[in-house]
Enquirer: 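Once you've had a glance at the structure underneath, I'll fire off some questions.
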Amino acid sequence: MRLLLSALVLILAVPAAAHAASYDCARARAPDEKAICANLPLNDKDVKMALLYDINKHTLAMGGRGALMDDQQQWLRDRRRCGANRACLNRAYDRRLGELERSMERIYRNGPF
């Protein structure tokens, strides 16, 4: 539970981070990356996704961590297929955020928190 609270505090305490994607928008070249940088709600979802992914990556055991990283790479390939379609990108982020949040719930249930 403390981990979730810490993550929420980070999200709420750093409002400037919500205005920047998890990657450098100045280097965005792909249509999906440009669309995310140009749309604040998508940008915010990207930041939240990156934070949840990072927390998951650092709290999972090594086998789970490898699977998470593989899933993330596949998700990025799937997201890229959306191109600049914001509806598709929103669905992709909603799906991935749900997966990462469910993973966090499993960590809370099994961990010494």
Enquirer: Residues in side-chain contact (heavy atoms from CB on, under 4.5 Å) with Glu33, at least two apart?
Expert: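 Residues passing side-chain contact (heavy atoms from CB on, under 4.5 Å) with Glu33: Tyr23, Ala28, Ala30, Arg79, Arg80.
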
Enquirer: Within this structure, what is the CG-CE distance for the pair Leu60 and Met104, rounded to the nearest 0.5 Å?
Expert: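 Answer for the CG-CE pair, Leu60 versus Met104, is 9.0 Å.
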
Enquirer: Taking all non-hydrogen atoms of both residues into account, name the closest pair between Leu89 and Ala35 and its distance.
Expert: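 Here Leu89 and Ala35 meet closest at CD1-CB, 3.7 Å.
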
Enquirer: Excluding sequence neighbours, so at least two apart, what forms side-chain hydrogen bond (donor to acceptor under 3.5 Å, both in side chains) with Glu101?
Expert: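 Scan of Glu101 (side-chain hydrogen bond (donor to acceptor under 3.5 Å, both in side chains), adjacent residues dropped) gives Lys48.
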
Enquirer: Could you check Arg86 against Arg91 for side chain to side chain contact (heavy atoms under 4.5 Å, CB included), going step by step and ending with a plain yes or no?
Expert: CA-CA 9 Å; Arg86 283 192 263 172; Arg91 285 190 302 273; over 6 Å; no

Enquirer: Any donor-acceptor pair under 3.5 Å linking the side chain of Asp46 with the backbone of Leu42?
Expert: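 No, Asp46 side chain to Leu42 backbone: no donor-acceptor pair under 3.5 Å.
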
Enquirer: Is there a donor-acceptor pair under 3.5 Å between the side chain of Asp32 and the backbone N or O of Gly83?
Expert: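 Looks like no, no N/O pair under 3.5 Å.
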
Enquirer: How many angstroms lie between atom CG of Asn39 and atom NZ of Lys45, to the nearest 0.5 angstrom?
Expert: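 Between atom CG of Asn39 and atom NZ of Lys45 there are 9.0 Å.
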
Enquirer: Using the disulfide (SG to SG under 2.5 Å) rule, collect all pairs that involve residues 58-96, keeping only residues at least two apart or in two chains.
Expert: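 Every disulfide (SG to SG under 2.5 Å) pair that includes a residue of residues 58-96, provided the two are not neighbours, is Cys82-Cys88.
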
Enquirer: Indicate yes or no: does Arg102 engage Glu105 in a salt bridge with an N to O separation below 4.0 Å.
Expert: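 No, Arg102 and Glu105 are not salt-bridged.
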
Enquirer: Applying ring pair (Phe, Tyr, Trp, His ring centres under 6.0 Å) as the test, list every pair that has at least one member in residues 51-81; sequence neighbours left out.
Expert: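 Sorted pair list: Trp75-Tyr93.
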
Enquirer: At what distance, to the nearest 0.5 angstrom, does CD1 of Ile36 lie from OG of Ser22?
Expert: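 These two atoms lie 8.0 Å from each other.
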
Enquirer: Would you please name every residue forming a side-chain contact (heavy atoms from CB on, under 4.5 Å) with Ala67, sequence neighbours left out?
Expert: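 For Ala67, no residue satisfies side-chain contact (heavy atoms from CB on, under 4.5 Å) once neighbours in sequence are set aside.
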
Enquirer: Taking only residues at least two apart or on different chains, which pairs with a member in residues 41-71 satisfy disulfide (SG to SG under 2.5 Å)?
Expert: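 Every candidate disulfide (SG to SG under 2.5 Å) pair involving residues 41-71 fails, so no pair, neighbours aside, qualifies.
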
Enquirer: Between Asn56 (side chain) and Leu52 (backbone), is there a donor-acceptor pair under 3.5 Å?
Expert: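 Pair found, side chain donor or acceptor close to backbone of Leu52.
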
Enquirer: Would you please name every residue forming a side-chain contact (heavy atoms from CB on, under 4.5 Å) with Arg27, sequence neighbours left out?
Expert: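 Residues passing side-chain contact (heavy atoms from CB on, under 4.5 Å) with Arg27: Asp24.
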
Enquirer: Go through the structure and list residues passing side-chain contact (heavy atoms from CB on, under 4.5 Å) with Arg29, not counting sequence neighbours.
Expert: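 Per chain and number, Arg29 pairs via side-chain contact (heavy atoms from CB on, under 4.5 Å) with no residue.
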
Enquirer: Ignoring hydrogens and geometry, is there a side-chain-to-backbone donor-acceptor pair from Thr59 to Ile55 under 3.5 Å?
Expert: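 Between the backbone of Ile55 and the side chain of Thr59 there is a qualifying donor-acceptor contact (under 3.5 Å).
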
Enquirer: Taking only residues two or more places apart in sequence or in another chain, which ones pass side-chain hydrogen bond (donor to acceptor under 3.5 Å, both in side chains) with Asn85?
Expert: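 For Asn85, no residue satisfies side-chain hydrogen bond (donor to acceptor under 3.5 Å, both in side chains) once neighbours in sequence are set aside.
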
Enquirer: For residues 57-71, pull every pair meeting salt bridge (Lys or Arg N to Asp or Glu O under 4.0 Å), keeping only residues two or more places apart or in separate chains.
Expert: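 Found none.
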
Enquirer: Please enumerate all residues that pass side-chain hydrogen bond (donor to acceptor under 3.5 Å, both in side chains) together with Gln74, with sequence neighbours excluded.
Expert: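 Expected list: Arg77, Asp78.
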
